[in-house]
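Quantities reported herein were computed from a predicted structural model and do not represent experimental measurements.
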Amino acid sequence: MSNISHEATNSTPFRLTFRHDAVPPVEIYLQSTIIQWQDGILSDHYWNMILDELIDLDEEMLDVLDMLVRQKERVAKVYNKKVRAKTFISGDCVWKVILPVDQKDITLGKWSPNWEGTFQIIQVFSNNAYEIEELSHDRRILRVNGKYLKRYKPMLQKV
């Protein structure tokens, strides 16, 4: 058993799981000072100490939980600095990603297109969801998450 505490929690995984520090079998076999000291404690006093340790450990676990929540918020803040939100309005032309990957054209292999379309945004929902309509002859209507869409930019061709 390792008594090395993890940097994120400042506690050992064993302690957080089993609510007690790990005692390696070698310490029990060799009768280390901690084991000898525990053997000399009266039963009532021993149980009171265990209950006190459990109360302290509950507080420690709540502190660890708060620390993990703060760390997740810090990571999310750093990550979200790099994320550019894509928002579209009704009437925008977009391309839709081809999902899943195995539905690509077998004859083209890895050179098959990643995007299909063009589609037009019909309706905007909450949580970055959109209803889109295909502008080709099929005119199919789909509901798609905005992360699977990309703005359509028509290419200007020289004549």
Summary of salt bridge (charged side-chain N to carboxylate O under 4.0 Å, His left out) pairs that have at least one residue in residues 144-155, sequence neighbours excluded: D92-R151
Sidechain-backbone polar pair: K96 side chain, Y148 backbone, donor-acceptor under 3.5 Å: no
N128: side-chain contact (heavy atoms from CB on, under 4.5 Å) partners, not counting sequence neighbours: Y130, N145
Atom pair CG (D66) and CD (Q71), whose distance is rounded to the nearest 0.5 Å: 11.5 Å
Derivation of the side-chain contact (heavy atoms from CB on, under 4.5 Å) call for Y152 and Q120: CA-CA 9 Å; Y152 173 73; Q120 184 175 19; over 6 Å; no
E134 bridged to R140 by N-O distance under 4.0 Å: yes
Residue pair E116 / F119: nearest heavy atoms and the distance that separates them: O-CE1, 3.5 Å
I141 side chain near I132 side chain, heavy-atom distance below 4.5 Å: no
Side-chain (T118) to main-chain (C93) donor-acceptor, under 3.5 angstrom: no
Working for side-chain contact (heavy atoms from CB on, under 4.5 Å), residues I98 and W115: CA-CA 5 Å; I98 298 174; W115 299 90; 5.7 Å; no
From CA spacing to verdict: side-chain contact (heavy atoms from CB on, under 4.5 Å), I121, I89: CA-CA 7 Å; I121 304 284; I89 58 173; over 6 Å; no
Cluster overlap W95 with L142, hydrophobic side-chain contacts below 4.5 Å: yes
